[in-house]
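FYI, the numbering just counts along the sequence from 1. Every heavy atom of this structure was used, including side-chain atoms; hydrogens, water molecules and symmetry mates were not.
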Amino acid sequence: MYFLAEWFTPAPLSVALLLWAAVLLAAAKPAFSALRRRSGAAMAAAAYLAVLWGLNAGLGSGQLAGMSYHLLGINLLTLMLGLPAALWLGTLLLVPYLGLYGAENLYAAGLNALFVLLPAATANLVFRRLSSKLPDNLFIYIFLNGFLAAAAGMLLTGLSVVLLLQFAGVFAAEALWQSAFPVFFLLAWGEAFLSGIFTAVFVALRPQWLATFDDTRFLRAENSIWK
């Protein structure tokens with residue numbers, strides 16, 4: 001799912017670029033620190049994101065011609081690198097990804113980041129805050145942060161994308177809600193499965209690749225779901 005520059009007037013594209021530049025500037029210091037300390041995890045995360053975004057399905061005709069769907073991968077990136085680094089790495093990959101569809105679409109990078117990257121990353125942050133209120137249990141970390149947060153992030157992204165496209169008048173509202181939005185419920189299953197499975201694998205084999213995972217917190221012998 002990506003926005004083409006031709007769908008919008010210059011004003012919202014310019015405002016979105018400025019807003020996203022401010023977000024990246026605020027996140028720059030912790031992001032670069034995390035990417036430097038976790039270079040191995042960052043390379044794995046970049047490869048994971050590139051594969052997911054490369055496997056997209058686009059609509060070439062019909063009422064929604066130009067729409068493209070793909071899995072996000074942002075939830076797992078946030079678990080691996082933290083929110084600031086995930087936003088930066090997602091943006092660095094978003095730029096060449098949009099460039100493949102024409103250099104003019106780079107002007108829409110800010111809008112794509114705000115409505116595609118940010119909702120999923122925000123959902124992850126909310127679920128991690130929620131899990132911090134629950135018992136320090138390994139399964140809570142995996143299922144809440146790995147599976148459920150990924151599904152919620154995909155649905156929130158779908159809602160954001162559809163609302164923006166409707167507000168901008170790019171597609172008919174009926175087509176968006178009846179044909180485009182239901183697809184995100186299907187994508188949410190795949191997003192949750194991949195994010196949850198990789199989270200479980202990393203917990204077992206590469207816990208150092210998960211910046212949000214703390215061995216001393218989740219692997220204590222006395223941990224239990226019920227207090």
Side-chain angles (χ1 to χ4, degrees), residues 1-20 23-24 49-50 52-78 83 86-87 89-102 104-127 148-195:
M1 59 224 65
Y2 58 87
F3 302 122
L4 300 179
E6 65 186 40
W7 292 350
F8 304 93
T9 59
L13 294 175
S14 300
V15 171
L17 277 175
L18 291 175
L19 287 175
W20 193 245
V23 171
L24 292 181
L49 207 61
L52 290 190
W53 289 7
L55 299 175
N56 65 78
L59 302 178
S61 60
Q63 290 181 302
L64 298 173
M67 280 283 286
S68 178
Y69 298 96
H70 59 78
L71 297 179
L72 297 173
I74 300 301
N75 188 74
L76 183 61
L77 256 69
T78 306
L83 180 60
L87 294 179
L89 186 58
T91 303
L92 292 174
L93 290 175
L94 180 64
V95 171
Y97 180 79
L98 288 174
L100 292 175
Y101 298 93
E104 68 279 1
N105 290 312
L106 295 177
Y107 196 31
L111 207 59
N112 278 277
L114 284 172
F115 285 85
V116 177
L117 299 183
L118 191 58
T122 301
N124 175 274
L125 182 61
V126 170
F127 272 80
L148 297 183
M154 176 61 78
L155 293 177
L156 184 59
T157 297
L159 181 63
S160 301
V161 166
V162 169
L163 285 174
L164 178 62
L165 292 176
Q166 180 183 357
F167 179 78
V170 179
F171 301 111
E174 183 178 359
L176 286 170
W177 292 107
Q178 293 185 4
S179 300
F181 187 60
V183 175
F184 288 94
F185 284 89
L186 300 177
L187 291 174
W189 287 98
E191 184 79 9
F193 177 78
L194 284 179
S195 178

Atom of A150, atom of S195 and distance for their closest heavy-atom approach: CB-CB, 3.6 Å
Answer yes or no: does atom CH2 of W177 have more than 12 heavy-atom neighbours from other residues, nucleotides or ligands under 6.0 Å? yes
If you compare all heavy atoms of N75 against all heavy atoms of A149, which two are closest, and at what distance to 0.1 Å? OD1-CB, 3.3 Å
Starting at CG of L156, measure out to CZ of F115 and round the result to the nearest 0.5 Å. 11.0 Å
Fit a plane to each ring of F184 and F181, take the angle between them on a 0 to 90° scale, and name the class: parallel (under 30°), tilted (30 to 60°) or perpendicular (over 60°). tilted
As a test of understanding, state which of L155, T157, N124, I74 forms a side chain to side chain contact (heavy atoms under 4.5 Å, CB included) with P119. T157
Of all heavy-atom pairs linking N105 and L4, the shortest is OD1-CA, 3.5 Å
How long is the gap from CG on L89 to OG1 on T78, to the nearest 0.5 Å? 10.0 Å
Applying side chain to side chain contact (heavy atoms under 4.5 Å, CB included), can you list everything that pairs with L176, at least two apart in sequence or on another chain? L64, V162, L165, Q166, F171, A180
When you measure from the side chain of E104 to the backbone N and O of A5, does any donor-acceptor pair fall under 3.5 Å? no
Please evaluate residues L111 and L164 with respect to the criterion side-chain contact (heavy atoms from CB on, under 4.5 Å), reporting the C-alpha separation (whole Å), side-chain torsions for both, the decisive distance (0.1 Å), and the verdict. CA-CA 10 Å; L111 207 59; L164 178 62; 3.9 Å; yes
Please name the pair of heavy atoms, one in L77 and one in L49, separated by the smallest distance, quoted to 0.1 Å. CD2-CD2, 3.7 Å
When rounded to the nearest 0.5 angstrom, what distance separates CG in L71 from CH2 in W53? 12.0 Å
What one should report as the nearest heavy-atom pair of L87 and T91 is O-OG1, 2.7 Å
Closest non-hydrogen contact found for F3 with L98 is O-CD2, 4.3 Å
How far does CG of L52 sit from NE2 of H70, to the nearest 0.5 angstrom? 9.0 Å
Hey, are the side chains of N112 and L117 touching, using non-hydrogen atoms and a 4.5 Å cut-off? no
